[in-house]
Number of protein chains: 2
Amino acid sequence: MGAIRWPGYEGEAHVGRYQAGIETEARIIDATRSLLAEGGLEAATLKAICDRAEVRAGSFYNLFGSKEEAILQVVREAIDAVDPDPTHAGTDTVDDLVAAYIRFFEEEPQLARIYVLAGVAGEPSDNGSRRRFLRHHETRVERFADAMVRDTGLTEQDAEVQAELLLGALDGLAVRWALDTEFAFAAYAKLARERFGTE
Amino acid sequence: MGAIRWPGYEGEAHVGRYQAGIETEARIIDATRSLLAEGGLEAATLKAICDRAEVRAGSFYNLFGSKEEAILQVVREAIDAVDPDPTHAGTDTVDDLVAAYIRFFEEEPQLARIYVLAGVAGEPSDNGSRRRFLRHHETRVERFADAMVRDTGLTEQDAEVQAELLLGALDGLAVRWALDTEFAFAAYAKLARERFGTE
DNA sequence: ACCTAATTTGAGTATACACTCAAATTAGAG
DNA sequence: CTCTAATTTGAGTGTATACTCAAATTAGGT
């Protein structure tokens, strides 16, 4: 196992990091993700995370400042994953965006579940995560609205209303899916798409 | 303060109950409701509930078997409150049902917030509350679908799809409102209603 | 192989949490 | 006012939780 000594590895400064530590960190993040997806915040105790990652608490704290840090990292992962490839920025159609959302649910069910939880679980006392999610939502509304303006020539104002409605419907169907993963989310999402932002 | 000695008071057997205890119970439920609405499950610790209700833990446990019991009672209250007056059963229009949903958010914001949380906060490990909420949702879909069949003559199958879509949209807009209570939920809910179950 | 840095372990610490229980106090009726 | 039942208090208990820290072990380079 070779120590990685150059900065910039995966966008992070890893000066003086051993491969072993890097792999442990990944195991901890995987464990956190799966526990959050399975049982929400309650399930993601430090003990559960460490048991699943097969490390002791001391190792955890060598790599993360707090349990909260690991959780926020996974939540950010989920929020980042819901956005389509940024290289398509400015050229998406609404159908592309809806398709990407559907693909997210189909290909990343754990992250999708965490995403749904993050939409509601941010609490008033925790203004950081609540505000971050709200900003994320607003950015998504803008992106959908821009695509609608391009697709249909709707005014920006009308497009924003339609985008809010479409995203509301998609997110509500996502909550429905989280309640019962047998629910045919993709089919319903497509039907919802037909109702907003198509004039 | 008179002891209430007859059965049937508010649908509960209160044999041998003093007014003082009954009032304490109400204060505890009020405290639980407001804490849940403000900060979710995390905020509703026993200490916080007792402090807000101005009782000690021993009083709490004289009246409730567990903290869980108090919380479930408030969640049930929220779920019950979202349903329109049962005396209208079988005669609601979809517009009545949507109007009732909007009214719920406007008149009972605390319960509305708890309702939104309950839709996602039930975890796989807690099959009881998750199943209960799913059943509640299915009942609502049926009720909306029945109203659509009566309103428009849609087939039962089509009505069920449209009901699922409309409720998805309404619930998603509710999540959006929970994220930022400045969001104009009522206006958007009305716009969403226009898109589903109107043919 | 040696040496140093990184990582991991094991054994705690402190605190918050849900809950208990017997004594004290209050409520309610006659 | 007396008496009994109901309620409340105060002082705990036990446990789970997040986190610490020094010693032991492993990783990595020469």
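First the proteins, then the strands, lettered A, B, ... as listed; each starts at 1.
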Rounded to whole angstroms, how far apart are [atom1] on [X] and [atom2] on [N]?
{"X": "A:Lys67", "N": "D:dA16", "atom1": "NZ", "atom2": "P", "answer": "15 Å"}
{"X": "A:Arg56", "N": "D:dC21", "atom1": "CZ", "atom2": "P", "answer": "20 Å"}
{"X": "B:Tyr61", "N": "C:dA22", "atom1": "OH", "atom2": "P", "answer": "18 Å"}
{"X": "B:Tyr18", "N": "D:dT4", "atom1": "OH", "atom2": "P", "answer": "12 Å"}
{"X": "A:Phe60", "N": "C:dT9", "atom1": "CZ", "atom2": "C1'", "answer": "16 Å"}
{"X": "A:Leu63", "N": "C:dT7", "atom1": "CG", "atom2": "P", "answer": "7 Å"}
{"X": "B:Glu42", "N": "C:dC17", "atom1": "CD", "atom2": "P", "answer": "10 Å"}
{"X": "A:Arg27", "N": "C:dT7", "atom1": "CZ", "atom2": "C1'", "answer": "11 Å"}

Of the nucleotides [options], which one has an atom closest to the side chain of [X]?
{"X": "B:Ala20", "options": "C:dT7, C:dT9, D:dT7", "result": "D:dT7"}
{"X": "B:Leu46", "options": "C:dT8, C:dA18, D:dT8", "result": "C:dA18"}
{"X": "B:Arg17", "options": "D:dT7, D:dT20, D:dT9", "result": "D:dT7"}
{"X": "A:Ala57", "options": "D:dT9, D:dT8, D:dC19", "result": "D:dC19"}
{"X": "A:Asn62", "options": "D:dC19, C:dT8, D:dT9", "result": "C:dT8"}

Task: Charged N-O contact under 4.0 Å between A:Arg33 and A:Asp30 - done: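 Salt bridge present between A:Arg33 and A:Asp30.
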Task: Of all pairs that satisfy ring-ring contact (aromatic ring centres under 6.0 Å, His included), the ones with a partner from residues 32-57 of chain A, not counting sequence neighbours - done: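 Residue pairs passing ring-ring contact (aromatic ring centres under 6.0 Å, His included), neighbours aside: none found.
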- [ ] Not counting sequence neighbours, which residues clear side-chain contact (heavy atoms from CB on, under 4.5 Å) with B:Asp180? List them please.
- [x]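 Only A:Leu134, B:Arg176, B:Glu182 meet the side-chain contact (heavy atoms from CB on, under 4.5 Å) criterion with B:Asp180.
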- [ ] Looking at every strand, decide which applies to A:Thr45 at a 4.0 Å heavy-atom threshold: base, sugar-phosphate, or nothing.
- [x]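 The residue A:Thr45 makes sugar-phosphate contact but no base contact.
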Open item on the list: Classify A:Gly21 by what it touches in the nucleic acid, base, sugar-phosphate, or nothing, heavy-atom distance under 4.0 Å.
Closed with: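 Sugar-phosphate only.
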Open item on the list: In terms of relative ring orientation, are B:Phe105 and B:Trp177 parallel, tilted or perpendicular, with 30° and 60° separating the classes?
Closed with: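 Perpendicular: the ring planes of B:Phe105 and B:Trp177 meet at over 60°.
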- [ ] For the pair B:Asp51 and B:Lys47, evaluate salt bridge (charged side-chain N to carboxylate O under 4.0 Å, His left out) and give the outcome as yes or no after the intermediate values.
- [x] CA-CA 6 Å; B:Asp51 287 349; B:Lys47 182 177 189 303; 2.9 Å; yes
